[in-house]
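Residues: numbered from 1 along the sequence shown. Indexing begins at 1, ligand by ligand and atom by atom, following the structure's order. Values below: every heavy atom of this structure, side chains too, minus hydrogens, waters and symmetry copies.
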Amino acid sequence: MSVLLKNGRIITAAQSFTADLLIEDGKIAALGQGLHFKADECMDVSGKLIFPGFIDAHTHLDMETAVTRTADDFASGTQAALLGGTTTIIDFATQDRGHTLKEAFSVWQKKAEHKSACDYAFHMAITDWNPQTRAEMKDMQELGVSSYKLYMAYDNLRLRDDVIFDIMLEIKRQHAMLGVHCENGDLVNGLIRRQLRQGHTAPLYHPLSRPAEVEAEAVDRYLTLASLADLPVNIVHLSTALSLEKVRAARSKGQIVFVETCPQYLLLDDRLYAGTQADPFGGARYVCSPPLRSLSDQQALWQGLIDGEIDTVSTDHCSFNYHGQKELGSNDFSQIPNGLPGIEHRPSLMYTAGVATGRISPERLAALLAENIAKQFGLYPQKGAIQPGSDADLVIWQPEDEGIIRAATQRQQVDYTPYEGFKTKGRVSDVYLRGQAVVRQGKLKTSNAGRYVSRGPASYRRPL
Ligand code: URP
Ligand code: ZN
Ligand code: ZN
């Protein structure tokens, strides 16, 4: 099967140019001006942008918590991803305590295979460190898992500092990438208790139990451990100016630190937790950890994207319905399931608020949402690149189209969106996944074309 895309504006992290693009057998076969080839299908995409398929390196699909399960599974989540232009996700397979990494890997494979609409890979979250877990990390490498997540908060997931340090040394041996959820878990627990003791049970108190210092202290400690282990590391869902200062200080001493942030920390702020007079519990929709922050934090994060201090933007998509799930915390904010939906809307939100406003270039968008992620997590140049030999994962983007985000029209299988009513500029027209047209004119054409992607070693070279 061959496809010729004529006169598109190709956007990569390094440059943009107008060219024809030939797809053959799922791969990009050629790029150039005036390509003549009798393809099975030929489409004129003049006036449209062609981005590399976007990659979301932070999703939680079909994830169980102690009391409930995420609203999106691999079917709805990856269909929503494709409709928004995301062609590959990296989800978090999570070890249950008392169980092995191999079990976690096979549980997540079962959740994803035959169900996934886009390509998928897994980070492995380690929650139980013992000699067997250590030995299994070699097996994970063979299975194409080249990144790990550890938690410094959440009692059922978090690990002690000495354990984190020990795991860092093992990760270094594997040349894998570590990402850590940076919040001081003891402090979070204490601050929650203090709020509840005072009768503060509403969502409004969620951010007060997890102030900026709770994240920044954990970031600082994590970077100290990483420095001791001499391991380049990633910080997932970084949300504050204070944490960015800690990163800056570590980098100034020569440490290699990757930083991810998410659209919610760039576009939403902590005033939303107050809800409305009519619906004071409404703020529960925005409960995630770390919480939404202040407008000045938002500004610092945008500056970080512009200056290159932040390397990637992924979603931390972790959706729970407002009715029946977020409502579990109606008498106690600490029981509200943590997480927000976002897998469908990241590209359009970032294009609208970033590119259309002139804050960042389309090339920077390609870097933040595709190329940097692919390089960091061992997917490049198979993914994240528009060059001969790469998978033909491509997003045809209509830059002038406008839209409005609505829960009523989204594919995400959740009863709200935190971005309800947001006006968007730029929209997905068509999406190719390994050369297959999976979205046409904004409509999903196939729902189980996704495949597992076995990844190579992580890269410790930061962009720029
Ligand atoms: O609130 C969040 N972010 N939930 C998802 C799990 C995590 O911490 O990444
Ligand atoms: Zn986290
Ligand atoms: Zn997460």
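Atom 8 (O) of ligand 1 has its closest protein heavy atom at His181 ND1, 2.9 Å. Considering only non-hydrogen protein atoms, atom 6 (C) of ligand 1 sits nearest to His60 NE2, 3.5 Å. Among all protein heavy atoms, the one lying closest to atom 2 (C) of ligand 1 is Ser289 O, 3.5 Å. Scanning all protein heavy atoms for the shortest distance to atom 3 (N) of ligand 1 gives Asp316 OD2, 2.6 Å. Among all protein heavy atoms, the one lying closest to atom 4 (N) of ligand 1 is Asn338 O, 3.2 Å.
Residue Cys318 touches ligand 1 through its side chain alone, judged by heavy-atom distances below 4.0 Å. In Lys149, the part holding a heavy atom less than 4.0 Å from any atom of ligand 1 is the side chain.
For the pair Gln410 (side chain) and Val414 (backbone), a donor-acceptor distance under 3.5 Å is present. A donor-acceptor pair is defined here as one N or O able to donate and one able to accept, closer than 3.5 Å; such a pair exists between the side chain of Glu344 and the backbone of Arg411.
Residue Val236 does not count as close to the Zn ion (ligand 2), with no N, O or S atom under 2.8 Å.
Looking only at N/O/S atoms, His181 comes nearest to the Zn ion (ligand 2) through ND1. When distances from the Zn ion (ligand 3) to the N, O or S atoms of His60 are compared, NE2 comes out shortest. Here the N, O or S atom of Asp316 that is nearest to the Zn ion (ligand 3) is OD1.
Heavy-atom separations between Met63 and ligand 1 are all 4.0 Å or longer. Proximity of Tyr154 to ligand 1 is established by a heavy-atom distance of less than 4.0 Å.
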Exercise for the section: Carefully, step by step, assess His114 and Asn448 under the rule side chain to side chain donor-acceptor pair (under 3.5 Å). Expected result: CA-CA 6 Å; His114 313 304; Asn448 59 358; over 6 Å; no
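By the 30° and 60° cut-offs, the orientation of the rings of Tyr419 relative to His345 is perpendicular.
Against a heavy-atom cut-off of under 4.0 Å, Cys288 is close to the following atoms of ligand 1: 1 (O).
The pair Arg221-Asp161 meets the salt-bridge criterion, with a side-chain N (NZ, NE, NH1 or NH2) lying under 4.0 Å from an Asp/Glu carboxylate O. The existence of a salt bridge linking Asp391 and Lys383 is confirmed by a sub-4.0 Å separation between a basic side-chain nitrogen and an acidic carboxylate oxygen.
Because its NZ or CZ atom is not both nearer than 6.0 Å to the ring centre of Phe74 and within 45° of the ring axis, Lys111 does not count as a cation-pi partner of that residue.
In terms of heavy atoms, Ala385 sits closest to Pro381 at CB-O, 3.9 Å.
For the side chain to side chain contact (heavy atoms under 4.5 Å, CB included) criterion with Val431, the lone passing option out of Leu444, Thr87, Leu394 is Thr87.
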